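Here is the structure we will look at, set down as structure tokens.
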Amino acid sequence: MIQNKRLEKIMNLLQQEKTVSVSQLSELLHVTPKTVRLDLKKLENANVLKRVHGGAVLSTHQSTSFPVLSHRQKFAEEKARIARKAFTLLKENDVILLDDGSTSLELAKLLGDFKITVLTNDVFIVNELMYKSNVTLYVIGGALKRDGESFVINGEDSIQFVKKYHVNKVFLGVSTIDMENGVMIFYYGDRSTKRAFMAAADEVVCMADHSKFGQTAFTHVAGIDEIDTIITDSGLPEEEAEKYREIGIRVLYAEL
């Protein structure tokens with residue numbers, strides 16, 4: 001089993017049990033205790049767990065790279081402002097792809113006053129848009145992933161589905177953004193789906209509140225040079241935004 005899949009399984013178990021042992025994980029993952037300890041060290045470096053003698057416990061200071069139960073409620077006002085800024089980039093008859101995420105959901109709530117086509121893999125976004133007559137809605141098919149309070153469709157069927165379409169913009173859901181490591185997510189299984197979403201779009205837009213910058217998750221999705229536009233909130237220092245602008249990325253601040 002590759003490391004990213006092991007990390008997912010470790011965190012899934014830890015979310016349920018709050019504590020795990022090296023011997024338990026070694027048996028579950030079919031790897032040596034030494035391999036388990038290396039995995040736990042990597043997770044500890046990401047601030048999602050704390051190693052203890054013989055195992056690990058769930059961290060009380062978790063990184064935003066891991067989707068905990070309250071994830072959709074974090075920085076709610078910032079996300080709403082970011083979504084309103086993103087809305088100003090849209091025009092009638094656009095074709096867009098809304099990747100999963102709470103900020104994408106906030107953007108979906110603003111749609112409906114003019115004709116637009118939306119592709120999405122987020123069940124909450126589907127529920128938001130299904131009754132809006134001005135929105136032509138395409139639900140991306142595939143396997144449903146139930147993760148806490150998120151319900152997302154992904155996998156090979158999703159990839160094949162989206163290959164049939166072309167969109168003006170994709171609003172990409174990411175866990176972290178970093179100049180050196182690019183955009184990253186926690187779940188390895190989402191990577192190929194997000195790559196397919198990017199390939200279908202003229203413009204890749206990341207809506208990311210300030211807490212996601214300068215952090216790393218476990219799975220690399222794209223180099224920072226593959227992102228066209230970043231929309232963030234005033235919590236990101238201007239000097240940090242300027243670093244991204246210098247390499248050709250448009251950085252927009254949400255209005256207060």
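Residue numbers count from 1 along this sequence. What you are looking at is a predicted structure, and each value in this text was computed from that prediction instead of being measured. Side chains are part of it too, since the values below use all heavy atoms of this structure and drop only hydrogens, waters and symmetry mates.
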Which residues satisfy the salt bridge (Lys or Arg N to Asp or Glu O under 4.0 Å) test with E240, sequence neighbours excluded? K243
Could you tell me whether R51 and E44 have a side-chain N and a carboxylate O separated by less than 4.0 Å? yes
Under the salt bridge (Lys or Arg N to Asp or Glu O under 4.0 Å) rule, collect the residues that match up with K18, sequence neighbours excluded. none
Measuring from atom CG of L49 to atom CG of L58, what distance do you get when rounded to the nearest 0.5 angstrom? 7.5 Å
Hey, is E255 close enough to K85 for a salt bridge, meaning N to O under 4.0 Å? yes
Without swapping roles, check the side chain of D122 against the backbone of D100 for a donor-acceptor pair under 3.5 Å. no
Is the distance between the ring centroids of F87 and F114 less than 6.0 Å? yes
Under the 3.5 angstrom rule, does the side chain of S104 hit a backbone N or O of L98 as a donor-acceptor pair? no
Between D190 and K145, does at least one N-O distance fall below 4.0 Å, as a salt bridge requires? yes
When you check the gap from the basic side-chain N to the acidic O, do R195 and E226 get nearer than 4.0 Å? yes
Could you label the plane-to-plane angle of the Y244 and F213 rings as parallel, tilted or perpendicular, counting under 30° as parallel and over 60° as perpendicular? perpendicular
For D157, give me all partners under salt bridge (Lys or Arg N to Asp or Glu O under 4.0 Å), at least two apart in sequence or on another chain. none
Give a yes or no on whether M179 and V183 share a hydrophobic cluster (residues Ile, Leu, Val, Met, Phe, Trp, Tyr; joining criterion: side-chain heavy atoms under 4.5 Å apart). yes
Checking Y138 now: which residues fulfil ring pair (Phe, Tyr, Trp, His ring centres under 6.0 Å) with it, not counting sequence neighbours? Y165
With sequence neighbours left out, write down each residue that passes salt bridge (Lys or Arg N to Asp or Glu O under 4.0 Å) with E242, or none if nothing qualifies. R245
Once salt bridge (Lys or Arg N to Asp or Glu O under 4.0 Å) is applied, what residue pairs with a partner in residues 89-99 remain, sequence neighbours excluded? K91-D94, D99-K194
